[in-house]
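Scroll down for the structure; my scribbles are underneath it.
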Amino acid sequence: MNSVKNHESDMPDPVQDAPEVGPPKESAAGVPAVLSSVRHVGEQAGVRRGVPAMLAVNQKGGFDCPGCAWPEPDRRHRAEFCENGAKAVAEEATRRAVTGDFFARHPVAELFERSGYWLGQQGRLTEPVYLPEGGTHYEPISWDRALDMVAEELHALDTPDGAVFYTSGRTSNEAAFAYQLLARQLGTNNLPDCSNMCHESSGSALTETLGVGKGSVSLEDVHQADLIIVAGQNPGTNHPRMLSALERAKRSGARIVTVNPLPEAGMRAFRNPQNARGLVGRGTELTDLFAQIRLGGDLALFSAVNRLLLEADRSGGKVLDHGFVDAYTHGFEEFAEALLAEPEDEFWARTERDTGLPRALVEELTAMVVASERIVVCWAMGLTQHRHSVPTIREVVNFLLLRGNVGRPGAGVCPVRGHSNVQGDRTMGIFERPADDFLDALGLEFGFEPPREHGHDTVNAIRAMARGEVGVFFAMGGNFVAATPDTEVTEEAMRRVGLTVHVSTKLNRSHVVTGTRALILPALARTDRDLGGDQPRWVTVEDSMGLVHASHGVLPPLSEGMRSEVDIVRGLGRRLFGNDPVDWDAMADYDRVRDHVAAVVPGFGDFNARARRPEGFALPHAPRDDRRFPTATGLANFTVNGTYAPRVPPGRLLLQTLRSHDQYNTTIYGLDDRYRGVRRGRRVVLVNPEDARELGLADGAYTDLVGEWSDGRERRAPHFRVVHYPTARGSAAAYYPETNVLVPLDSTAEVSNTPTSKSVVVRFEPSPERV
């Protein structure tokens, strides 16, 4: 083992509900981002591990950042990473290690009381550990015994559907392909993943309307756009390298519209740390028009713009691209008739109520649209986590189709994926509802009949666990308990499972909410060197824009007890099935895995050779490449999407969950949210000052957040500090996973079944004094 650092003895679990609060920032990045990056890397990894890692991240021949899925430009800076990327790499490259001695000192009951932040700060997991039935502590176990135990439990199931195989987005293409193959050879499509909780609504809407459930733009399209609409997204914290692309587009003449309930520093101004102007000047002002929309009002906004475009065209304005509409689309007349049917006065009264925006601003936005030839719409969780998310994104597609903004340079749909390789995992077959063509190809390649019945997504997997139907829950990465909705319900469900297995790099909340028995299996991370025999092995990932490229780990692992995800899967596969008909042992050679992918997954022909190109390769995308739309109609589909927006009773607000700046999904790097002016704490709720006055919520007061849902179950998040903040009226915000307890399991988006984490009705009750 390399030199490691024991950290837990000198780190108390900090108080998180007594933050310091100041004014929000007016710009993002700059010198503070550089200093923060250096501090995190130095504290976690030190110079000897930290510097080589940071010089290799996102470089050709290096490794892909384990953070977001934003693509790299072809010409790259020597430091091709953002502040949050530096934090993500530092957490993986850390010298801190969790060994068997740690678990001997800390019973699971004690670890359950610790915060997710404290758990993650203990360091990398270094050896397999096992919690026996009735046990109080995890204890070391050999790899052979651990995998034998999982195989025994899977063989003992009454039905293969008694197993659930969850996947996090950071899993490589090779590991994801092997993982879904194992599940399907076992006989189940129970393959929920983190996409179910984020961009499932995007995939559902885009598959129906365009025929491909992915974005249609390249990075160059963003650079070439005349107008970019960024809706329900906070790039400054969640995808900071996107700000560089927006800056480049802005300097080329693009205008940018921000649609968000919160003013976010990154969309105000970007101080690019790669140039002098960003380090010492004001940076680049990005947003030309800020539409501060009420939560859930995006469908109404895009409907209103579409109606104005239709009216202008019918008045002789020649606004629509009729050549495109006639040649490439279906359903235009039905869409236009439905959108124009509502009387004008009623339409605008409802639109202003649903969006919180004046008609003049919508008209200003529409004028910008008419003046722009090439338009890109980017979005993230702010659009995808409502009950009406799928209709909303279908309406975004309607908006782009009206003026032919799909399938030409500088235009298209851009759902910005979160996790690195979350899109690649879906491409590799991590999906509970696989297409028959994929299953046919998989069966032909490996000589078995894959199961055809659809499996459980994330929400339905929790329901199945709660009913006692799941004997084995196997998680390939991620932090399932902290990432999912309805925390108490999910924890109760997880405890009903016979064996929970987590392939992980670091300790997290899911390891302390266990089934009857539990295993933690330590995996190599993106930064780690992966040796198969004496030869280093490498994997591939797919970014948010459909580009596939190699990722080579560069750091010596902290422990010989870690294994690659591919090796863990193939070891289990061999124990379950032998090597017939799937030769699991042969998959120690990742080239063999890639050859199988090439035979099964469209677009991956000659995978091994193309992945060895420094720049990687782009997957085909029919709408983007040749305006071909593989939908049920064979055309791009206009849709009729109604007029839904959330309704909130008097005395309540609509809450959205969101990330702090010191956070990536459920991983908490620190307790600050620098851009929003919050320091040394996470239990805050951001409330518009006028709403706060009406509700009697003084700035700095403490309140319990109480969710309201029709099942009669109380959902309470206690002791949050009220922060008066310039949110949209009627809308509040607080960090997850602390507020996931308020998101009802049964409150999900139509079609996609995504939890409605941006549409939580809450009331406020005074918090009792803390002793």
Side-chain angles (χ1 to χ4, degrees), residues 196-198 200-201 232-234 260-262 293-299 354 356 380-390 392 458-459 462 481-491 644-660 663 665-666 676 682-688 691-692 694-695 697 703-723 725 727-750 752-765 767:
N196 297 148
M197 294 176 284
C198 55
E200 198 68 59
S201 297
Q233 183 191 0
N234 176 19
N260 203 308
L262 295 169
I293 198 163
R294 284 180 177 161
L295 276 169
D298 306 272
L299 172 58
D354 291 349
M381 306 301 94
L383 263 63
T384 66
Q385 293 180 328
H386 298 276
R387 185 170 77 83
H388 59 300
S389 287
V390 173
T392 298
T458 295
V459 167
I462 296 169
V481 167
T484 46
D486 223 341
T487 306
E488 293 179 1
V489 171
T490 297
E491 290 182 352
Y644 178 84
R647 295 285 176 263
V648 181
R652 277 66 171 162
L653 296 179
L654 199 65
L655 178 79
Q656 66 169 328
T657 69
L658 42 67
R659 299 173 181 167
S660 75
Q663 165 180 9
N665 291 345
T666 60
R676 298 190 182 108
R682 291 181 51 80
R683 298 185 79 83
V684 297
V685 57
L686 311 180
V687 182
N688 181 283
D691 288 330
E694 290 180 2
L695 295 171
L697 298 171
T703 183
D704 287 3
L705 308 179
V706 184
E708 295 194 348
W709 181 245
S710 57
D711 62 1
R713 179 172 184 144
E714 181 179 276
R715 293 170 173 85
R716 182 179 296 266
H719 210 68
F720 276 66
R721 186 194 191 279
V722 175
V723 177
Y725 199 85
T727 66
R729 288 296 309 271
S731 306
Y735 305 132
Y736 74 86
E738 290 83 354
T739 49
N740 284 1
V741 66
L742 302 172
V743 183
L745 183 67
D746 293 329
S747 179
T748 61
E750 299 169 348
S752 69
N753 208 31
T754 295
T756 58
S757 299
K758 301 294 187 285
S759 294
V760 183
V761 177
V762 295
R763 69 177 187 270
F764 299 81
E765 295 184 357
S767 286

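- The closest side-chain donor-acceptor pair between R387 and T748, if any, does not fall under 3.5 angstrom.
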Do D354 and R647 pass the salt bridge (Lys or Arg N to Asp or Glu O under 4.0 Å) test, and can you show the C-alpha distance, the side-chain angles, and the key distance before you say yes or no? CA-CA 9 Å; D354 291 349; R647 295 285 176 263; 3.1 Å; yes
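- Remark: side-chain polar atoms of T490 are not paired, donor with acceptor, to backbone N or O of I462 under 3.5 angstrom.
- Within the 4.5 Å cutoff, no side-chain heavy atoms of V760 are placed close to those of Q656.
- Of all non-hydrogen atoms in P737 and A482, the two that sit nearest each other are CB-O, 3.3 Å.
- Looking at S201 and S752, their side chains do bring a donor and an acceptor atom within 3.5 Å of each other.
- Residues V743 and Y736 fail the side-chain proximity criterion, which asks for heavy atoms closer than 4.5 Å.
- Annotation for M381 and C198: closest pair SD-CB, 3.1 Å, computed over non-hydrogen atoms.
- Looking only at atom types and distance, the side chain of K758 has a donor-acceptor partner in the side chain of Q385 under 3.5 Å away.
- You'll find the side chain of L705 reaches within 4.5 Å of the side chain of T739, heavy atoms only.
- Residues passing the side-chain hydrogen bond (donor to acceptor under 3.5 Å, both in side chains) test with Y725, sequence neighbours excluded: none.
- Residues satisfying the salt bridge (charged side-chain N to carboxylate O under 4.0 Å, His left out) test with E708, not counting sequence neighbours, are R652, R763.
- Closest approach of L262 and L658 over heavy atoms only: CD1-CD2, 3.3 Å.
- Under the 3.5 Å distance criterion, with hydrogens and angles disregarded, a donor-acceptor pair is assigned to the side chains of S767 and D704.
- Across S389 and L383, no two heavy atoms sit closer than the pair OG-O, 2.8 Å.
- Residues R716 and V741 fail the side-chain proximity criterion, which asks for heavy atoms closer than 4.5 Å.
- Under the 4.5 Å side-chain criterion, counting only non-hydrogen atoms from C-beta, E200 is not in contact with T384.
- A cation-pi arrangement is absent between R659 and Y735 under the rule of less than 6.0 angstrom and at most 45 degrees off the ring axis.
- Side chains of L653 and S731 form no contact here, defined as non-hydrogen atoms less than 4.5 Å apart.
- The minimum heavy-atom distance linking V390 with E750 is given by the pair CG2-O, 3.4 Å.
- Evaluation of the side-chain hydrogen bond (donor to acceptor under 3.5 Å, both in side chains) rule for R715 yields D486, D711 as partners, not counting sequence neighbours.
- Neither side chain, T756 nor H386, offers a donor N or O lying under 3.5 Å from an acceptor on the other.
- The backbone N or O of S660 lies less than 3.5 Å from a partner atom in the side chain of Q663, making a donor-acceptor pair.
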